[in-house]
Structures are given as C-alpha cells and as structure tokens.
Amino acid sequence: VVEVCRSGRHDVDDAIPAVRAAAEGWRGTPLEARVELLRGGLERLQDQSPTLAAVLEVDLGLPTDVARTQVATLASDGGASPLGRRDLRPPEVIAHLPAFTEAFSAFLTVLSDLFEGRAVVLHPSEHAPLAAVCFVAAFEALPPGVLTLLQGTNRDVAARLPAVEG
C-alpha cells in the first residue's frame, strides 16, 4: 500500500507564484543546460524502468508488454525525441491534467514543454497517481518549481489551475 499526499486549494495557491518564478529562470536557462538536465532525468527513468513499468501495470491496468514498451520508449529518448522538437506554444507555464489512461502521452508532452523552457504543473488523475510520482522523481535535479506535481481532487486542484496557464 502506498500513500500519496493530496494537494489542497492552499497548496495550489502557494505553488502558483513559485512556478511562475521558476518559469522565468528556466526559460532563461541555456538550451544546452536544459537538455543536460532532462537527459539526466531520462537516464534515471531508464534505471527505474522495471519499477515504472510495474506501476503502469498496477496504476493504469496496462498489460505487462505495453507498460514495458511505453517505459522503454520514454526512457530511451523521451519518446519522439521532444529534446529535438520545437513546439513553440506561447505560455510560460503549462498545466497538464491527463486522464489516468493518458499518463504516457502526458509525460511526453511534459518533456517537450520542459525542453521549450516552460515550467510545468502536472496534476494526474487522483485514481492513478503513482506513475506521475515516479516520473517527477526522476527529474528531481530540475530547479525547484520547474516541474511541480500537485495530487488531489479536480475540485481542489484542477479547478484552480487555469490561473497558472498563460
């Protein structure tokens, strides 16, 4: 049994200024430094791939081979190599609220946003939070506030996140 801390309204309100401040610094970080930090996170994902695959199996109900393939793809090069893709969406801060079945694609999008210099708030489904915990932990070397995980109900967290976008 694993307990995951749930974020409340006050946690979201406290996180928003920190994320905005981090976004400014992250956007000014040279591309080469961002890539180096993100590649380090991908290496940690690769090291943790058996654990993350098991979490995807339990959390999302994925078949073993699908979970392992998704983790291998993510850990090997960030999927379709978001570290080399330009997505140029304008906001400096992005909030991702994936459905529990879309965690893998959300992680790829998060990597792309981080590469582009945007700070990210990740609010996974409250029904399947563990994959996001493992994903964010792999990128712990990022500056504080650049990748923020807010677990909790949609009422307490997601409803307050639109103020973060833009």
Side-chain angles (χ1 to χ4, degrees), residues 1-8 11-12 15 19 22 26 29 31-87 89 93-154 156-158 161 164:
V1 176
V2 175
E3 289 187 30
V4 175
C5 294
R6 294 175 84 161
S7 303
D11 297 313
V12 177
V19 171
W26 183 242
T29 301
L31 178 62
E32 296 78 18
R34 289 196 310 260
V35 168
E36 185 176 327
L37 285 167
L38 294 172
R39 288 205 188 282
L42 291 173
E43 288 172 10
R44 283 185 288 287
L45 278 179
Q46 190 152 21
D47 293 344
Q48 300 169 8
S49 62
T51 301
L52 185 53
V55 166
L56 288 174
E57 288 178 57
V58 173
D59 233 16
L60 308 179
L62 293 178
T64 301
D65 59 331
V66 172
R68 289 181 181 162
T69 299
Q70 286 191 355
V71 172
T73 300
L74 181 64
S76 67
D77 66 355
S81 196
L83 300 183
R85 190 179 93 204
R86 293 283 179 180
D87 187 2
R89 290 187 290 164
V93 177
I94 301 292
H96 290 286
L97 301 93
F100 78 95
T101 57
E102 298 172 354
F104 177 72
S105 61
F107 297 158
L108 293 175
T109 305
V110 166
L111 286 173
S112 180
D113 287 333
L114 292 169
F115 168 75
E116 291 295 332
R118 290 184 284 276
V120 175
V121 175
L122 180 59
H123 169 59
S125 167
E126 63 189 284
H127 303 291
L130 296 179
V133 171
C134 292
F135 177 80
V136 170
F139 293 91
E140 67 186 4
L142 293 175
V146 169
L147 177 56
T148 301
L149 177 64
L150 293 173
Q151 305 272 17
T153 65
N154 284 337
D156 290 338
V157 177
L161 286 180
V164 173

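Leu62 places a side-chain heavy atom less than 4.5 Å from the side chain of Gln70.
Each ring-ring contact (aromatic ring centres under 6.0 Å, His included) pair with one or both residues in residues 135-154, not counting sequence neighbours, appears once here: Phe107-Phe135, Phe135-Phe139. Contacts classified as side-chain hydrogen bond (donor to acceptor under 3.5 Å, both in side chains) and involving residues 43-58 (residues at least two apart or in different chains) are given here: Glu57-Thr64.
Heavy-atom minimum distance, Arg34 versus Glu116: NH2-C, 4.0 Å. Taking every heavy atom of both residues into account, Ala22 and Pro144 meet most closely at CB-O, 3.3 Å. Looking at every heavy atom in both residues, Val35 comes nearest to Phe115 through CG2-CE1, 3.7 Å. Pairing each heavy atom of Ala119 with each of Gly145, the nearest pair is CB-O, 4.0 Å. Residues Asp65 and Thr69 share a closest heavy-atom pair of O-OG1, 2.8 Å. What you find for Val71 and Leu56 is that their closest heavy atoms are CG2-CD1, 3.5 Å.
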When you look at Arg118 and Val146, which way does the side-chain contact (heavy atoms from CB on, under 4.5 Å) test go after all the steps?
CA-CA 8 Å; Arg118 290 184 284 276; Val146 169; over 6 Å; no
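Only one option out of Val19, Val121, Leu122 pairs with Leu150 in a side-chain contact (heavy atoms from CB on, under 4.5 Å); it is Val121.
The OG1 atom of Thr109 lies 11.0 Å from the CG atom of Leu114; values are rounded to the nearest 0.5 Å. How far CG of Leu108 is from OG1 of Thr73: 8.5 Å, rounded to the nearest 0.5 Å. A distance of 9.5 Å separates CG in Leu147 from CG in Leu38, rounded to the nearest 0.5 Å.
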